[in-house]
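Notes follow once the structure below has been shown.
Order of appearance sets the numbers: ligands from 1, and atoms from 1 within every ligand.
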Amino acid sequence: MRKAIFDTDTASDDAIALMLALDYFEVLGVTIVAGNVKFENEVSNALFTLEYLNKPDIPVYLGAQRPLLGQWRTVEEVHGKNGFGDWEYPSPLKKPENEFAADAIIRLSKEYEGELEILAVSPLTNIALAYLKDSRIINRIRKIWIMGGAFTRGNTTEIAEFNFWVDPEAAQIVLNAGFDITIVPWEIAEESATITDEEWNKIEDINTKRSEFFLKVNRVLREYSKSVGSRGSVHPDSLTVTIAYDNSVAIEKVSKYVNVELCSRSRGAMLIDWYGLNKRRPNAEVVIKADSQKFKKYLFDSLSKA
Ligand SMILES: O=c1[nH]cnc2c1ncn2[C@@H]1O[C@H](CO)[C@@H](O)[C@H]1O
C-alpha cells in the first residue's frame, strides 16, 4: 500500500477525505494546521474521526497554529461552530503526539525515503516549515497532492480559494521548492465533487456508520454551499484524495509554472503562467477536468462499507 501523511485543518469534508485516505493509503500520520476552525476543534475532529473509523493507532501531530505571516480568519459559517456541523460527538479518548508536525513530516520522509506522499488538503504552513528546516526533503517526498487555488471563482475572496488565501506565503514556498506537485483547484471540485440534494437522499438511504458520519459532519457545509449558490455540498478534499489514489479521475491536466499572489486585494490568488511568459519550468500539474461519476462511485462505495 502507498504511504501517506494526511495534512489537515479538520472540518467537514476534511474528515471524509481522511476516511477515503484510510481506505486507499497506509496513513502514517495526520498533521494538523491552522485553517478552517479553532485549532483545538480541528485536533478534536481529527482524533474523533480516527476513533470513529476504528483507526485509533494512527498518530496525530500538532502543527502550525497560525499562518507564517498574515492574518487569517476561521470559517465557522462554512463548517459549523466546531467544524463538524455542530454535531456534539463524544470527546475522543485518543491523544495527540508530542512531536511537532513539521518534525514528524521530516522524520517520516527519512524513514520512507522516496515513498512518502503528502495529501495536503489544507493551508500549506506545516509543509513550508518542514521544507524551511530541511530543504533536502524535496528529494525524499515522492509527491504532494494539493487542494488549493482558484482559477477565477474564489470561495474566500473574489479571486482566492481558502487554503491558498490562509497562508499564501507558505503556498509560494512549497510551490517554488521543487516538489513533485499536483494541484486540484476549487472550481474543479465545484464542477465535479458537489453532492446534490438527490445524492444526499441516497446517502441517507445507505444507512451505515460511515454514511451517518457524512450526514452529520457536512450538515452546515451543505447549507452554506447552497446559500452561496453551489448545487449542493462541495467536497474538494475528498476529490483530491480520490485523484491521488486513482489518477484517471483527473481527466485533463496541464503542467505549468504556478505561483501565488501575496498582495492586498488579490492575496492568495493562484497565478498560472499558461503561456510560459516567465520562461520558468513547470512546477506543478494542475487538474482542469475531473470525472464526477467516477469520483462519486468511489465516495459512495466508501460510505457503503460497514
Ligand atoms: O466554502 C467552502 N467550501 C468548501 N470548503 C471550504 C470552504 N471554505 C473553506 N473550505 C476549506 O478550504 C478548502 C476549499 O477551499 C477545503 O480544504 C476546505 O477544508
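Residues Leu50 and Ile58 come closest through the heavy atom pair CD1-O, 3.6 Å.
Sorted by chain and number, the heavy-atom contacts of ligand 1 below 4.0 Å come from Asp14, Asn36, Val78, His79, Val121, Met147, Asn155, Glu161, Phe162, Asn163, Trp186, Leu221, Tyr224, Pro236, Asp237.
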Next on the checklist: Is there a salt bridge (Lys or Arg N to Asp or Glu O under 4.0 Å) between Glu158 and Arg265? Walk through the geometry before answering.
Outcome noted: CA-CA 9 Å; Glu158 294 90 329; Arg265 267 320 273 148; 2.8 Å; yes
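Between the side chains of Asn163 and Ser122, no donor-acceptor pair of N or O atoms lies under 3.5 Å. Checked by atom type, the side-chain pair Tyr257/Asn259 shows a donor-acceptor distance below 3.5 Å. Side chains of Lys256 and Asn283: a donor-acceptor N/O pair is absent below 3.5 angstrom, by distance only.
Sorted by first then second residue, the side-chain hydrogen bond (donor to acceptor under 3.5 Å, both in side chains) pairs that include residues 50-62, not counting sequence neighbours, are Tyr61-Arg107.
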